[in-house]
Amino acid sequence: YCEDTDLGLRAQWAAWRCRYVAGALTYHDYSMTAGPFSRLKAHLVERNRIWLAIKNFPPRLLVTLPFVSLVRYLSHLRSIRESSGAAAGFIRSGHSGWSIAAILRRAHWETLIELPRLLKKRNMVRATRRIDAAEFIHILNRYRITAREIGRA
């Protein structure tokens, strides 16, 4: 739940070179460990999304995180009303809106508690960087997905 994205972003900062291997195969059982609409998965996705941003995003993107999160949360609410997307699937699987609120509260609380450790990890990422913030943002923009698109997925 975001560890692959975290590794990819750290690789971008470090200017790692990647290779395409046409014959390589990867097998992935979607949500096999936690289940597709479990509270555990929802919690880890939300918490790790925040942690990923703290560890990897340049300051000018990091300050936008609360606003982007709000847009994403509102998009989730809209998809629930329209009975589409993962947020609606979470509700259909028997969870309530109160469950979602509790998950968000817990993810933000754990972030606050872990902030000193996350900032140390951020410093480690910054120590290995080989590109500047402008180049990193350019890379992110090349593959950008909006908060609304994420919220409606």
Side-chain angles (χ1 to χ4, degrees), residues 1-18 26 28-80 85-91 93-153:
Y1 306 114
C2 297
E3 65 279 353
D4 52 345
T5 305
D6 184 47
L7 177 62
L9 292 177
R10 287 185 284 127
Q12 291 297 328
W13 275 119
W16 288 359
R17 293 186 63 192
C18 297
T26 301
H28 176 72
D29 288 328
Y30 178 77
S31 296
M32 182 58 104
T33 303
F37 296 112
S38 72
R39 286 178 60 102
L40 175 62
K41 178 185 176 182
H43 165 70
L44 291 174
V45 166
E46 184 60 26
R47 186 198 69 186
N48 292 353
R49 179 189 66 80
I50 299 166
W51 289 16
L52 175 136
I54 291 170
K55 291 187 293 182
N56 292 288
F57 282 11
R60 73 179 192 199
L61 288 183
L62 195 54
V63 299
T64 68
L65 185 62
F67 306 105
V68 172
S69 295
L70 179 61
V71 170
R72 187 171 148 264
Y73 299 152
L74 292 172
S75 293
H76 280 311
L77 287 173
R78 185 173 180 185
S79 71
I80 289 169
F90 187 78
I91 296 296
S93 70
H95 302 288
S96 69
W98 294 112
S99 292
I100 295 171
I103 289 165
L104 295 177
R105 184 178 62 246
R106 180 178 170 204
H108 287 84
W109 176 249
E110 287 180 11
T111 299
L112 187 60
I113 289 172
E114 292 293 326
L115 194 55
R117 188 174 67 85
L118 293 168
L119 292 175
K120 283 181 187 176
K121 287 189 173 190
R122 178 182 177 81
N123 287 336
M124 290 170 52
V125 171
R126 295 180 66 78
T128 62
R129 71 180 179 179
R130 300 291 174 261
I131 64 172
D132 64 16
E135 189 173 350
F136 184 81
I137 291 170
H138 176 74
I139 293 166
L140 290 181
N141 284 334
R142 191 174 344 152
Y143 303 102
R144 181 183 173 149
I145 181 170
T146 70
R148 282 191 178 100
E149 290 169 321
I150 293 169
R152 298 189 60 117

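Computed from a prediction, not measured in an experiment: that's the story for all the values here.
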Verdict with reasoning, L62 to R122, per side chain to side chain contact (heavy atoms under 4.5 Å, CB included)
CA-CA 12 Å; L62 195 54; R122 178 182 177 81; 3.9 Å; yes
Quick one, [X] and [Y] - any side-chain contact, counting heavy atoms below 4.5 Å?
| X | Y | result |
| --- | --- | --- |
| L9 | I139 | no |
| Y1 | L40 | no |
| R106 | E110 | yes |
| L7 | R10 | yes |
| S69 | P66 | no |

Heavy-atom closest contact ([X] atom, [Y] atom, distance):
| X | Y | value |
| --- | --- | --- |
| I80 | A88 | CG1-N, 3.8 Å |
| A107 | T111 | O-OG1, 2.8 Å |
| V71 | A147 | CG1-CB, 3.9 Å |

With [X] via side chain to side chain donor-acceptor pair (under 3.5 Å) - residues at least two apart:
| X | answer |
| --- | --- |
| R126 | none |
| S75 | none |
| S79 | none |

Exercise answer: donor-acceptor pairs, residues 52-60 side-chain atoms, under 3.5 Å, sequence neighbours excluded:
residue : atom : partner : partner atom : Å
K55     : NZ   : D6      : OD2          : 3.2
N56     : ND2  : D6      : OD1          : 2.6
N56     : ND2  : L52     : O            : 3.0

Enter the distance from [X]:[atom1] to [Y]:[atom2] here, rounded to the nearest 0.5 Å.
| X | Y | atom1 | atom2 | value |
| --- | --- | --- | --- | --- |
| L61 | I137 | CG | CD1 | 4.0 Å |
| N123 | L118 | CG | CG | 11.0 Å |
| H76 | I150 | NE2 | CD1 | 8.0 Å |

Distance-only donor-acceptor hits, side chain of residues 31-38, under 3.5 Å, sequence neighbours excluded:
residue : atom : partner : partner atom : Å
S31     : OG   : K41     : NZ           : 2.8
S38     : OG   : A34     : O            : 2.8
S38     : OG   : K41     : N            : 3.0

Qualifying salt bridge (Lys or Arg N to Asp or Glu O under 4.0 Å) pairs, either residue in residues 28-38, two or more places apart
none
Partners passing ring pair (Phe, Tyr, Trp, His ring centres under 6.0 Å) against F136 (at least two apart in sequence or in another chain):
W13
In chain order, what residues pass the ring pair (Phe, Tyr, Trp, His ring centres under 6.0 Å) check against H43, with sequence neighbours excluded?
none
Scan for side-chain hydrogen bond (donor to acceptor under 3.5 Å, both in side chains) pairs involving residues 134-153, sequence neighbours excluded, and state none if there are none.
E82-R152, T146-E149
Does R72 form a side chain to side chain contact (heavy atoms under 4.5 Å, CB included) with E46? I'd like the steps, not just the answer.
CA-CA 11 Å; R72 187 171 148 264; E46 184 60 26; 2.9 Å; yes
Among all residues two or more places apart in sequence or in another chain, which pass the salt bridge (charged side-chain N to carboxylate O under 4.0 Å, His left out) test with R129?
none
By side-chain contact (heavy atoms from CB on, under 4.5 Å), which residues pair with A102, not counting sequence neighbours?
R39, R105
Selection residues 105-127 - residue pairs positive for ring-ring contact (aromatic ring centres under 6.0 Å, His included), sequence neighbours left out:
none
Would W51 and C2 count as a side chain to side chain contact (heavy atoms under 4.5 Å, CB included) if you check the C-alpha gap in whole Å, the side-chain angles of each, and the deciding distance to 0.1 Å?
CA-CA 9 Å; W51 289 16; C2 297; over 6 Å; no
